[in-house]
Each structure stands twice: as C-alpha cells, then as structure tokens.
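First up is the structure itself, then whatever we jot down about it.
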Amino acid sequence: MFMPNPLTPMLMLALAAPPAVAAAPEPDGVEVAQLTIRQRIIIRVPQPSRSAASPVPQPPPVKLDEKKGPKCVPITKLAGSGVARKSSVDLLLSDGSMMRAKLGDDCPALDFYAGLYLKPTPDGMLCADRDTIRARSGRACPISSFKKLKRHD
C-alpha cells in the first residue's frame, strides 16, 4: 500500500507559487494554478494459507448451514476469506463467526482463490446489493446477499 509523504502537498504548493520578489510588477492577466492529489486505499482480505507439509493433521470438513444474514458487515470485522462454492465466498470474522457472501450472476468464486480486495466505504460497511469485491486479477463481482453460517450438528 502506498503511503504518501505528509510534506508532499506543502512542497507541491510551494513549487506552484510564484517566487517572491521585492518589487513585483502588476500581472497583466489572471494566473490560475491547479493541484490535484489523489489517494487510493484498498484493503486486502487474505485467504488462510494451506501448508502442504503441515505437522498438524487437518480436521475433516465441517458441514455448515446457511441462515438469513445481515444486509451489511463491518469491514473492520473481516479477518479472512475462502472459496467454498462456485458462486460464493466465505468470510471469517474477527469474533470467530462466519458469513457467506453470495456473488452476482456470472461471477465465479474461483477467481478469489488468493483472497479478495475491497474499497473502504464512508460508512465502514460492506453491503449486499451495493458493494463489490475484487479478485487479484482485477475482476469485480457484486455481492448479492450475505448468509450466516452455522455448524451442522
């Protein structure tokens, strides 16, 4: 992630300003200067790594039931992601709970095998029918709904 130097805007303004002179002549016309600073922030939600030579045996797959989920999920609660089905991405939240983000039509979840990217929103929420997630390839997929995941006993 690129973090600009905090002195850059002041330096740019100083360079754009005309030099100070003791007896500056009156300008014949109007001088206009423009400075544009753009900053882009992208949050990466990683997929937990799977080590081939893991010394700890992996437990058998857990069956999960989908329940009605919320309209939005706080971005700060996202801890990880994984691909579970062909049209959805599972999200691990910081409190240990799980959500399933159902993707829009014609959006294969396989694109998100290496995690996902999302843009922070002003309200700090990731919402269905509003926000999109991005794969490393750059593909953007809309989130159609969220489902809570519960262990099937």
Side-chain angles (χ1 to χ4, degrees), residues 1-17 31-153:
M1 178 165 53
F2 174 73
M3 295 301 286
N5 185 329
L7 297 177
T8 302
M10 290 186 291
L11 180 61
M12 296 297 282
L13 287 173
L15 291 174
E31 292 185 33
V32 177
Q34 180 177 346
L35 174 65
T36 304
I37 299 174
R38 293 188 178 144
Q39 184 175 7
R40 175 183 240 177
I41 298 175
I42 298 176
I43 298 172
R44 181 171 187 269
V45 180
Q47 182 177 22
S49 62
R50 294 181 182 146
S51 174
S54 177
V56 179
Q58 297 295 320
V62 176
K63 292 190 180 194
L64 301 170
D65 290 330
E66 289 182 5
K67 302 290 182 188
K68 184 177 180 189
K71 176 84 172 152
C72 299
V73 175
I75 292 174
T76 56
K77 290 185 86 176
L78 296 177
S81 68
V83 176
R85 300 194 174 176
K86 73 176 197 173
S87 62
S88 63
V89 174
D90 288 351
L91 303 172
L92 176 63
L93 304 182
S94 58
D95 64 3
S97 63
M98 293 181 66
M99 293 280 180
R100 182 163 284 157
K102 299 281 193 167
L103 304 180
D105 295 337
D106 192 37
C107 216
L110 189 57
D111 289 347
F112 299 94
Y113 69 93
L116 57 96
Y117 295 91
L118 53 98
K119 260 193 219 180
T121 56
D123 63 359
M125 303 293 277
L126 180 64
C127 296
D129 294 325
R130 181 187 81 176
D131 296 321
T132 60
I133 57 175
R134 294 188 179 274
R136 288 182 71 181
S137 64
R139 181 171 191 160
C141 292
I143 300 171
S144 61
S145 66
F146 287 109
K147 300 290 183 187
K148 284 185 183 180
L149 296 177
K150 299 283 184 181
R151 288 181 183 256
H152 180 72
D153 296 323

Which atom names give the shortest non-hydrogen contact between [X] and [Y], and what distance separates them?
{"X": "Arg130", "Y": "Asp123", "value": "NH1-OD2, 2.9 Å"}
{"X": "Ala128", "Y": "Ser145", "value": "CB-CA, 3.6 Å"}
{"X": "Leu103", "Y": "Ser144", "value": "O-OG, 3.7 Å"}

Is any side-chain heavy atom of [X] closer than 4.5 Å to a side-chain heavy atom of [Y]?
{"X": "Asp90", "Y": "Met99", "value": "no"}
{"X": "Cys107", "Y": "Arg139", "value": "yes"}
{"X": "Ile143", "Y": "Val89", "value": "no"}
{"X": "Asp131", "Y": "Leu118", "value": "no"}
{"X": "Asp129", "Y": "Lys71", "value": "yes"}
{"X": "Lys147", "Y": "Lys67", "value": "no"}
{"X": "Ile75", "Y": "Lys119", "value": "no"}
{"X": "Ile133", "Y": "Tyr117", "value": "no"}

Test log, rule side chain to side chain contact (heavy atoms under 4.5 Å, CB included), inputs Leu78 and Leu126: CA-CA 10 Å; Leu78 296 177; Leu126 180 64; 4.1 Å; yes

Spacing of CZ belonging to Arg100 relative to CG belonging to Leu149, to within rounding of 0.5 Å: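 Rounded to the nearest 0.5 Å, the CZ-CG separation comes out at 4.5 Å.
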
Spatial distance of atom CG (Leu91) from atom CE (Met98) [nearest 0.5 Å]: 8.5 Å

Derivation and outcome, salt bridge (charged side-chain N to carboxylate O under 4.0 Å, His left out), residues Lys150 and Asp65: CA-CA 5 Å; Lys150 299 283 184 181; Asp65 290 330; over 6 Å; no

Glu66 bridged to Lys148 by N-O distance under 4.0 Å: no

